[in-house]
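Worksheet: one structure, shown below.
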Protein chains: 2
Amino acid sequence: MASATHLFPIRHDAIPSLLQKYGIVPTTQRIEIAATLLCERQHLSADQVLKRLTEHGVSVSKATVYNTLGLFAERSLVRQVIVDPAKVFYDSNTEPHHHVYNVDDGTLIDIDTANMCLEQIPYPPRGTFVETVDIVIRIRNTV
Amino acid sequence: MASATHLFPIRHDAIPSLLQKYGIVPTTQRIEIAATLLCERQHLSADQVLKRLTEHGVSVSKATVYNTLGLFAERSLVRQVIVDPAKVFYDSNTEPHHHVYNVDDGTLIDIDTANMCLEQIPYPPRGTFVETVDIVIRIRNTV
DNA sequence: CCCCGATTTAGACTCCGTCTAGTTCAAATG
DNA sequence: CATTTGAACTAGACGGAGTCTAAATCGGGG
Ligand SMILES: [Mn+2]
Ligand SMILES: [Mn+2]
Ligand SMILES: [Zn+2]
Ligand SMILES: [Zn+2]
């Protein structure tokens, strides 16, 4: 499950095998949802994914979109990004990287971890393990 | 407006002048809300603040609690912490520090910035400035 | 004591996300 | 090819956090 990270752009017909590689049964709806999010490096909310599907004439229920994106995240096919108190972003880029979030306009962009050295991370408490280390640079527009 | 950071514990009768120092008119409700959150270093959601007020026989409306905590954050008396997709935490500790968030049980604890060196932060795009740099270490309980 | 703008309030409302219970689907079987 | 069967999907109700609105209240200055 989940070896080397996939490369963009991902062809539509490569998606079923990609899903299988992550232990996800490739159903019609899951393939469409994956195609929507994984077509390029991007950050979309569940609602945005649903909207894009609808706009392209693909009918998938809200529950399935939310459940499927949650499943993708659980299986590490995509990454959740928690920067906005109002919604979760799903990130098609699963390589280690951090984020710059523009609080004013909601823009979310990737920054490479290269050169950004984070040292002396404390040990996690007993009985716990580190899942992720997220760095978010919050920026605002100058007046 | 906000000079040296205040020290804990904060006495109840020191709150009006503290609010004024941050440019906040110290009304009855604001004093109660500040007293609830600032009594010690802690992270509380708006809902938790409201619950505590109610439990202590202090009647403040939901709208006022949400508005007031938002005002406090805007004026830098407290800090918002975005780690949970379901709710915003308000942090009584405004000194620079980062967070360890236990995804399984919702625990949020502070970690000192000492020794944690973060270098090579990229320049913000033109027309923007860095507001905060937030580091969140997400941990989970071992099975 | 009165005035008046600031503040507070109840409760309706919005939005993201979850849940439920019934339906559809597709793979395996005979 | 027809049947079975459990996983997946669906519509729509529901929940909880947070916002909004319009009316009531407050309290400091005159
Ligand atoms: Mn969209
Ligand atoms: Mn509480
Ligand atoms: Zn990203
Ligand atoms: Zn903190």
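Lettering follows sequence order; numbering is per chain, from 1.
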* Structure fact -> Residues passing the side chain to side chain contact (heavy atoms under 4.5 Å, CB included) test with D110(B), sequence neighbours excluded, are H43(B), D91(B), N93(B), H97(B), H99(B)

* Structure fact -> For Y101(A), the hydrophobic cluster (side chain heavy atoms closer than 4.5 Å, chained through members) also holds V81(A), V83(A), F89(A), V103(A), L108(A), V136(A)

* **Presence of salt bridge, R52(B) and D47(B), under 4.0 angstrom** => no

* Sequence-aligned protein contact record of nucleotides 23-30 of chain D, with B where the base is within under 4.0 Å of a protein heavy atom and S where only the sugar-phosphate is -> ----S---

* SB check R41(B) E95(B) (cutoff 4.0 Å) -> yes

* Asked: Which pairs, with at least one residue in residues 119-143 of chain A and sequence neighbours excluded, count as a ring-ring contact (aromatic ring centres under 6.0 Å, His included)?
  -> none

Identify the pairs formed between an N or O of the protein and an N or O of nucleotides 15-20 of chain D at a distance under 3.5 Å, and give each distance.
| unit_1 | atom_1 | unit_2 | atom_2 | d |
| --- | --- | --- | --- | --- |
| dA17(D) | O3' | A86(B) | O | 3.4 |
| dG18(D) | OP1 | V88(B) | N | 2.9 |
| dG18(D) | OP2 | Y66(B) | OH | 3.3 |
| dG18(D) | N7 | K62(B) | NZ | 3.2 |
| dG18(D) | O6 | K62(B) | NZ | 2.9 |

* To do: Mind grabbing the angle between the end helix axes of the helix from dC1(C)-dG30(D) to dG30(C)-dC1(D)? Five pairs an end, 10° rounding.
  => 10°

* Structure fact -> On a heavy-atom basis, the closest approach of V78(A) and T94(A) is CA-CG2, 3.7 Å

* **Hydrophobic cluster membership, V130(B) vs V100(A), 4.5 Å side-chain cutoff** => yes

* For Y66(A), which fellow cluster members are found when Ile, Leu, Val, Met, Phe, Trp and Tyr are connected by side-chain heavy-atom distances below 4.5 angstrom, either directly or through intermediates? -> none

* Give me the first and last nucleotide of DNA chain C, going 5' to 3', that has any atom under 4.0 Å from a heavy atom of chain A. => dC16(C) to dC19(C)

* Asked: Does T64(A) place a side-chain N or O at less than 4.0 Å from the phosphate oxygens OP1/OP2 of dC9(D)?
  -> no

* For T107(B) and D105(B), test the side chains for any donor-to-acceptor distance below 3.5 angstrom and give the result as yes or no. => yes

* Structure fact -> Sorted by chain and number, sequence neighbours left out, salt bridge (Lys or Arg N to Asp or Glu O under 4.0 Å) with E74(B) holds for none

* Partners of E32(A) by side chain to side chain contact (heavy atoms under 4.5 Å, CB included), sequence neighbours excluded? -> H12(A), L53(A), V58(A)

* **For D104(B), side chain to side chain contact (heavy atoms under 4.5 Å, CB included) partners two or more places apart** => N102(B), R140(B), N141(B)

* How would you label the contact of T27(A) with the nucleic acid (heavy atoms, under 4.0 Å): base, sugar-phosphate, or nothing? -> sugar-phosphate

* Structure fact -> Those residues at least two apart in sequence (or on a different chain) that pass side chain to side chain contact (heavy atoms under 4.5 Å, CB included) with D13(B) are R11(B)

